[in-house]
Chemist: 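Sharing a structure here in structure tokens format.
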Amino acid sequence: MDSSRLVGIYLAAGKSTRMGRSKLNLPVYETWLGSLALRAALESKLEHTITVTRKGDTLKWLAPFSNREDVSILVCDEADRGQSASLKSGVKAAAELGADGVVILLADQPFVTSALINRLVDEFSASNEYSHLSYSQNGNSKPPVLLGRKLFPSLMELEGDQGARSLIRSEKALQGKQVELNGGIYFFDIDTFEDYQALLEIWPLKGRSGDWRL
């Protein structure tokens, strides 16, 4: 499967309820919160990234990448129905692109790196053994998550706030693999203003390697 066509689905249609304002447009030095993990996706081996947004988003955070051919913007009209609606709209679009699999990425996880994404891509492309691959930290499944095309029908059955993790925990995804990755802050998500303040303190410490094992 060394010619696998893998597409990113960048979930950026959340309500930012706990933040109380659009967190993706929050400034992080020379850029915005919403663009950090997207940049990692675009620097990875993913062939294309579908960015799923919600109605009314100004997309200021997306401006640096809006004219790139490897990025498409998909407005999910049913985003208020929960994460499953955004996920299903992205999966449908990826299937139309002929994707062999998708990598699910969350726009509020700024410490995800291209190396993290590439590890999933490389393992999937090297074998036809797995239906999905994901990371695990202290025994808990963490995004990004790679899901093969064989799981697309099951993804389209999700409802409400169900996401990819609910699927890979089920019997429908027994052929998967979890990569244990303890240490570091790769999977830290930004939900509150306190989280955002922590991000501003940590971000300048990023090394050239992008290693977040602080």
Side-chain angles (χ1 to χ4, degrees), residues 6-16 18-19 21-54 57-66 68 70-74 76 79 83 86-87 89-91 93-94 101-121 133-137 141-147 163-165 179 181 184-192 195-214:
L6 296 174
V7 171
I9 298 179
Y10 193 68
L11 297 180
K15 295 181 180 180
S16 301
R18 293 176 63 186
M19 184 68 71
R21 56 177 293 189
S22 174
K23 59 184 174 183
L24 302 187
N25 286 317
L26 291 171
V28 181
Y29 298 98
E30 76 285 358
T31 186
W32 295 274
L33 171 58
S35 71
L36 299 179
L38 180 56
R39 183 183 298 277
L42 298 178
E43 292 176 350
S44 76
K45 296 179 181 180
L46 294 173
E47 184 171 317
H48 190 87
T49 299
I50 299 165
T51 304
V52 184
T53 65
R54 64 186 298 111
D57 191 332
T58 64
L59 301 182
K60 177 181 178 181
W61 57 272
L62 190 57
F65 313 110
S66 58
R68 290 181 54 140
D70 55 351
V71 177
S72 57
I73 302 171
L74 178 61
C76 181
Q83 188 182 104
S86 298
L87 181 55
S89 65
V91 170
V102 294
V103 175
I104 311 300
L105 298 144
L106 305 184
D108 62 357
Q109 283 192 315
F111 300 111
V112 166
T113 65
S114 58
L116 216 62
I117 299 168
N118 287 342
R119 183 172 180 181
L120 299 180
V121 170
L133 293 110
S134 64
Y135 285 100
S136 177
Q137 189 171 63
S141 179
K142 299 289 184 179
V145 176
L146 191 155
L147 301 162
R165 280 185 292 184
V179 178
L181 187 63
I185 56 171
Y186 299 101
F187 311 115
F188 182 63
D189 52 3
I190 310 300
D191 287 326
T192 66
D195 295 336
Y196 171 58
Q197 289 178 311
L199 168 62
L200 294 180
E201 293 178 3
I202 295 170
W203 192 256
L205 303 177
K206 184 178 183 180
R208 290 183 180 180
S209 66
D211 190 349
W212 287 111
R213 293 180 182 274
L214 301 179

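Computation of the quantities below employed the complete heavy-atom set of this structure, encompassing side-chain atoms and omitting hydrogens, waters and symmetry-equivalent molecules.
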Chemist: Please examine the side chains of Lys23 and Leu26, heavy atoms only from C-beta on, and report whether any two atoms are closer than 4.5 Å.
Modeler: yes
Chemist: To the nearest 0.5 Å, tell me how far Leu36 CG sits from Trp61 CH2.
Modeler: 11.0 Å
Chemist: Grab the two heavy atoms, one from Ser134 and one from Ser141, that are nearest each other, plus how far apart they are.
Modeler: OG-OG, 3.6 Å
Chemist: Below 4.5 Å, heavy atoms only, C-beta onward: do Ile202 and Phe111 meet side chain to side chain?
Modeler: yes
Chemist: Hey, what do you get for CD (Gln197) to CG (Leu199), rounding to the nearest 0.5 Å?
Modeler: 10.5 Å
Chemist: I need the minimum non-hydrogen distance between Phe65 and Ser35, along with the two atoms involved.
Modeler: CE1-CB, 3.5 Å
Chemist: With sequence neighbours left out, what residues match Ser22 under side chain to side chain donor-acceptor pair (under 3.5 Å)?
Modeler: Asn25
Chemist: Does any part of the side chain of Leu200, heavy atoms only, come nearer than 4.5 Å to the side chain of Tyr29, both counted from C-beta?
Modeler: yes
Chemist: Using salt bridge (charged side-chain N to carboxylate O under 4.0 Å, His left out) as the criterion, list what pairs up with Lys45, not counting sequence neighbours.
Modeler: Asp122
Chemist: Do any N or O atoms from the side chain of Tyr186 and from the backbone of Gln109 form a donor-acceptor pair under 3.5 angstrom?
Modeler: no
Chemist: Using every non-hydrogen atom in the two residues, find where Met19 and Thr192 come nearest and quote the distance to one decimal.
Modeler: CE-O, 3.2 Å
Chemist: Is Val28 close to Pro110 at the side-chain level, that is, under 4.5 Å between some pair of heavy atoms?
Modeler: no
Chemist: Does Tyr10 reach the side chain of Val71, with side-chain heavy atoms less than 4.5 Å apart?
Modeler: no
Chemist: Looking only at heavy atoms, which two atoms of Tyr135 and Pro144 are closest? And how far apart?
Modeler: CD1-O, 3.9 Å
Chemist: For the atom pair CD (Glu43) and OG1 (Thr113), what is the distance rounded to the nearest 0.5 Å?
Modeler: 10.0 Å
Chemist: Distance from Trp203 atom CH2 to Leu33 atom CG, nearest 0.5 Å?
Modeler: 9.5 Å
Chemist: side-chain contact (heavy atoms from CB on, under 4.5 Å) with Ile9: which of Val52, Leu147, Leu105, Leu46?
Modeler: Val52
Chemist: Work out which heavy atom in Asp70 is nearest to a heavy atom in Arg68; give both atom names and the distance.
Modeler: OD2-NH2, 2.8 Å
Chemist: Taking C-beta and beyond as the side chain, do Ser66 and Leu59 meet within less than 4.5 Å on heavy atoms?
Modeler: no
Chemist: For residues Ala13 and Arg54, report the shortest heavy-atom separation together with the two atoms involved.
Modeler: O-NH1, 2.5 Å
Chemist: Rounded to the nearest 0.5 Å, what's the gap from CG on Leu6 to OG1 on Thr49? Could you check?
Modeler: 11.0 Å
Chemist: Can you find a pair of side-chain heavy atoms, one from Gln137 and one from Leu181, that are under 4.5 Å apart?
Modeler: no
Chemist: How far does CG of Leu146 sit from CG of Leu133, to the nearest 0.5 angstrom?
Modeler: 6.0 Å
